[in-house]
Amino acid sequence: MQKFKRILLKLSGESLQGEQGYGIDVKRLNEYATQIKDALSMGVQVAIVIGGGNIFRGLTGAGKGFDRVKGDQMGMCATVINSLALSSALGAQGVKSQVFTAIRMEPIGKFYNKWDAIAAMERGEVVIVSCGTGSPYFTTDTGSSLRGIELEADVMLKGTRVDGVYTADPEKDPTATKFDTISYDEVLQRGLRVMDITATAMCKENKLPIYVFNMDIVGNLQRVLSGENIGTLVHA
Ligand code: UDP
């Protein structure tokens, strides 16, 4: 039984760097493309927002003396680079995709609007929405919440390198335990860093469920779409 008709998949830029610590790991990129291809073959409409942390983050730049707004613009450009890489990898596997940009930069991508993005998904294309929200001081998590809500996705699937939401960071605290489900309020009250506060609050206000899972294990996206409970559901 297929659970979702349309998904917003959030991929972190950091995961895309794989083991190499910076930039784009082609093996990881191709694995993502394969998983997305398999998701499409299940009849699911797929929109993707990808981060840029493997290349540049505005906040980190500001800490080194960069102007924050210019740094964030550099970060948004980084998401475009990752989006183009993913689109290219999908094309190599015979999957049609379209890159949209929240900031006008034709012919690199089409200037984003909801209706063209939905039309592309209805034609069976993967839609990759880059530049996050298009504004500084936001993150691609918030970009994902925004696009997920606008594009009327049934769920935001947040693909990370951990397998769900934990009581504490499982990479630092061995006693941390995983939630099967958790409410938006509890995420906010406990200060859990599933996503930033703005992104979580937007999902809460607009009732967009979030499913956090480990996207770095090949096959996991399909498992989630088949209804296997391998991650954490964040809900009302
Ligand atoms: N960014 C921004 N506005 C947005 C989305 C992203 O200014 O709406 C910038 C910001 O500098 C951010 C960078 O782009 O640090 C990369 O995005 P993010 O940190 O969310 O990437 P991820 O952590 O998912 O790799």
Side-chain angles (χ1 to χ4, degrees), residues 1-13 15 32 35-36 39-40 42-52 79 83 100 102 112-122 125-135 137-160 162-166 178-215 220-236:
M1 259 290 281
Q2 186 190 307
K3 276 182 78 189
F4 308 114
K5 179 173 174 281
R6 181 178 296 156
I7 60 165
L8 186 296
L9 176 64
K10 161 75 207 295
L11 297 175
S12 87
S15 292
Y32 280 178
Q35 293 199 70
I36 293 159
L40 264 195
M42 295 171 81
V44 184
Q45 292 183 11
V46 183
I48 299 172
V49 168
I50 186 156
T79 72
S83 298
F100 287 86
Y112 170 81
N113 74 79
K114 166 183 177 168
W115 298 277
D116 285 349
I118 288 180
M121 281 190 277
E122 286 176 344
E125 292 172 27
V126 173
V127 159
I128 307 171
V129 192
S130 64
C131 303
T133 63
S135 295
Y137 296 96
F138 287 103
T139 62
T140 49
D141 279 345
T142 306
S144 305
S145 308
L146 177 64
R147 299 311 179 205
I149 293 158
E150 264 189 285
L151 296 174
E152 299 167 38
D154 301 308
V155 68
M156 183 208 296
L157 298 182
K158 186 172 156 79
T160 67
V162 285
D163 61 353
V165 182
Y166 281 76
K178 184 178 149 231
F179 295 97
D180 269 346
T181 65
I182 185 168
S183 68
Y184 303 111
D185 284 335
E186 198 171 351
V187 167
L188 294 169
Q189 277 157 17
R190 285 177 176 254
L192 299 175
R193 296 177 58 191
V194 186
M195 302 203 302
D196 55 82
I197 296 170
T198 317
T200 308
M202 267 201 87
C203 288
K204 181 190 169 197
E205 281 179 359
N206 295 279
K207 301 184 177 60
L208 178 66
I210 308 158
Y211 194 79
V212 183
F213 72 106
N214 186 340
M215 178 79 186
N220 268 0
L221 179 58
Q222 257 192 314
R223 287 185 192 101
V224 171
L225 295 174
S226 312
E228 263 186 64
N229 190 18
I230 57 168
T232 301
L233 177 70
V234 186
H235 59 93

Worksheet item: Yes or no on side chain to side chain contact (heavy atoms under 4.5 Å, CB included) for Thr160 and Phe213, after CA distance, side-chain angles and deciding distance?
Response: CA-CA 6 Å; Thr160 67; Phe213 72 106; over 6 Å; no
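- Counting non-hydrogen atoms of neighbouring residues, nucleotides and ligands closer than 6.0 angstrom, the CD1 atom of Ile197 reaches no more than 12 such neighbours.
- Judged by distance alone, the side chain of Asn206 and the main-chain N or O of Leu208 form no donor-acceptor pair under 3.5 Å.
- Taking both residues in full, the closest heavy atoms of Ala153 and Ile7 are given as CB-C, 4.0 Å, listed atom of the first, atom of the second, then distance.
- Checked by atom type and distance alone, the side chain of Tyr211 pairs as donor or acceptor with a backbone atom of Gly231 at under 3.5 Å.
- Judged as a salt bridge (charged side-chain N to carboxylate O under 4.0 Å, His left out), and not counting sequence neighbours, the contacts of Arg190 are Glu186.
- The CG atom of Leu221 sits 10.5 Å away from the CZ atom of Arg223 when rounded to the nearest 0.5 Å.
- Smallest separation of non-hydrogen atoms from Leu225 and Ala39: CD1-CB, 3.4 Å.
- Among residues two or more places apart in sequence or in another chain, the salt bridge (charged side-chain N to carboxylate O under 4.0 Å, His left out) test is passed with Glu228 by none.
- Thr142 places no side-chain N or O within 3.5 Å of a backbone atom of Phe138 that could act as its donor or acceptor partner.
- Between the side chain of Asp154 and the main chain of Arg6, a donor-acceptor pair closer than 3.5 Å is present.
- Nearest approach of Val187 to Val234, heavy atoms of both residues: CG2-CG1, 3.9 Å.
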Cut-off 3.5 Å, no hydrogens considered: what does the side-chain donor-acceptor table look like for residues 144-152, sequence neighbours left out?
residue, atom, partner, partner atom, Å
Ser144, OG, Thr140, O, 2.7
Ser145, OG, Asp141, O, 3.1
Ser145, OG, Ala199, O, 3.1
Arg147, NH1, Glu150, OE1, 2.7
Glu150, OE1, Tyr112, OH, 3.3
Glu150, OE2, Tyr112, OH, 3.4
Glu152, OE2, Lys114, NZ, 2.5

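- With Ser183 contributing its side chain and Ala236 its backbone, the two residues share no donor-acceptor pair below 3.5 Å.
- Judged by distance alone, the side chain of Thr232 and the main-chain N or O of Val165 form a donor-acceptor pair under 3.5 Å.
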